[in-house]
Amino acid sequence: MHCICVFLGGGLGAVCRYLSTTIIAAKFGAGFPFGTLFVNTLGSFLIALILGFLSPLANAFQTVPENLRLLLTVGFLGGFTTFSSFSMETLNLIRAGNFFSATANVIANILFGFAAAFLGLYLVSTMRQ
């Protein structure tokens, strides 16, 4: 059952990633990987939010539905976020001589990812009060 949850979540996450990056590239152009930046930032926020909500459930009910955690985090967010795409796009920027864009891409993904994860945990902690 665990593999089915990961499989279903991963497929849905991959489709959502495709749609998100396609829409963002159409809107902002493909000169900078804004779509990947978006899904990595949103994925960082969502994993913190989801795990932040699941943690109190685990305390209240003495367990977290493992299938739900696998579906949402390993499956959906694993299919949705794109670290491998981030790595390849950064290398392509370097190979094209766009060192500033490559550096900006690395810094933006790290900073926005951490900021989004922090925001997700912060929101969960304020909702609990």
Side-chain angles (χ1 to χ4, degrees):
M1 187 61 174
H2 290 173
C3 288
I4 292 171
C5 291
V6 172
F7 173 76
L8 293 174
L12 183 59
V15 169
C16 289
R17 177 184 69 229
Y18 168 75
L19 293 173
S20 297
T21 57
T22 301
I23 290 167
I24 290 172
K27 185 168 181 100
F28 297 105
F32 186 84
F34 287 110
T36 302
L37 176 60
F38 171 77
V39 297
N40 285 343
T41 303
L42 182 58
S44 296
F45 173 75
L46 290 175
I47 198 164
L49 202 64
I50 290 166
L51 292 176
F53 277 121
L54 290 179
S55 180
L57 284 177
N59 292 336
F61 298 105
Q62 304 303 319
T63 185
V64 171
E66 185 67 3
N67 288 338
L68 178 62
R69 185 189 70 79
L70 290 171
L71 176 81
L72 296 175
T73 60
V74 177
F76 180 80
L77 292 175
F80 183 68
T81 58
T82 57
F83 193 79
S84 58
S85 296
F86 156 74
S87 299
M88 196 66 229
E89 289 165 345
T90 303
L91 287 173
N92 286 338
L93 288 169
I94 291 169
R95 289 172 56 194
N98 297 326
F99 299 107
F100 177 79
S101 290
T103 302
N105 190 40
V106 170
I107 291 169
N109 271 279
I110 291 170
L111 290 179
F112 289 162
F114 280 122
F118 176 81
L119 178 61
L121 287 177
Y122 174 76
L123 289 175
V124 169
S125 68
T126 60
M127 290 176 173
R128 284 191 219 155
Q129 298 172 0

Measure up the Phe80 and Phe76 rings against each other and bin them: parallel (under 30°), tilted (30 to 60°), perpendicular (over 60°).
-> parallel
Where is the tightest heavy-atom contact between Pro33 and Glu89, given as atom of each residue plus distance?
-> CB-OE1, 3.0 Å
Same cluster or not: are Ile50 and Met127 linked, directly or through other Ile, Leu, Val, Met, Phe, Trp or Tyr residues, by side-chain heavy atoms under 4.5 angstrom apart?
-> yes
Transitively linked via ILVMFWY side-chain contacts under 4.5 Å: Phe34 with Tyr18?
-> no
Got a sec, which hydrophobics cluster with Leu121, joining ILVMFWY side chains under 4.5 Å apart, including via others?
-> none
If two hydrophobic side chains count as joined below 4.5 Å and joins carry through other members, does Phe28 share a cluster with Val39?
-> yes
Rounded to the nearest 0.5 angstrom, the CD1-CG distance for Ile47 and Leu72 is 10.0 Å
Taking only residues at least two apart or on different chains, which pairs with a member in residues 84-129 satisfy ring-ring contact (aromatic ring centres under 6.0 Å, His included)?
-> Phe83-Phe86
Apart from Leu70 itself, residues in the same hydrophobic cluster as defined by side-chain heavy atoms under 4.5 Å | Val6, Val74
May I have the step-by-step check of side chain to side chain contact (heavy atoms under 4.5 Å, CB included) for Phe53 and Leu49, ending in yes or no?
-> CA-CA 6 Å; Phe53 277 121; Leu49 202 64; 3.9 Å; yes
What distance separates Leu77 CG from Cys16 SG, expressed to the nearest 0.5 Å?
-> 10.0 Å
What do you reckon, is CZ of Arg95 surrounded by more than 12 foreign heavy atoms closer than 6.0 Å?
-> no
Apply side chain to side chain contact (heavy atoms under 4.5 Å, CB included) to Asn40 and Thr82, showing your working.
-> CA-CA 6 Å; Asn40 285 343; Thr82 57; 3.4 Å; yes
When rounded to the nearest 0.5 angstrom, what is the spacing between CD1 in Ile94 and OG1 in Thr103?
-> 7.0 Å
Look only at the side chain of Asn109 and the backbone of Asn105, and say whether a donor-acceptor pair between them is shorter than 3.5 Å.
-> yes
Do you know the tightest heavy-atom contact between Ala117 and Ala48?
-> O-CB, 3.2 Å
Do the side chains of Leu19 and Leu12 join up, straight or via other hydrophobic residues, at under 4.5 Å, putting them in one cluster?
-> no
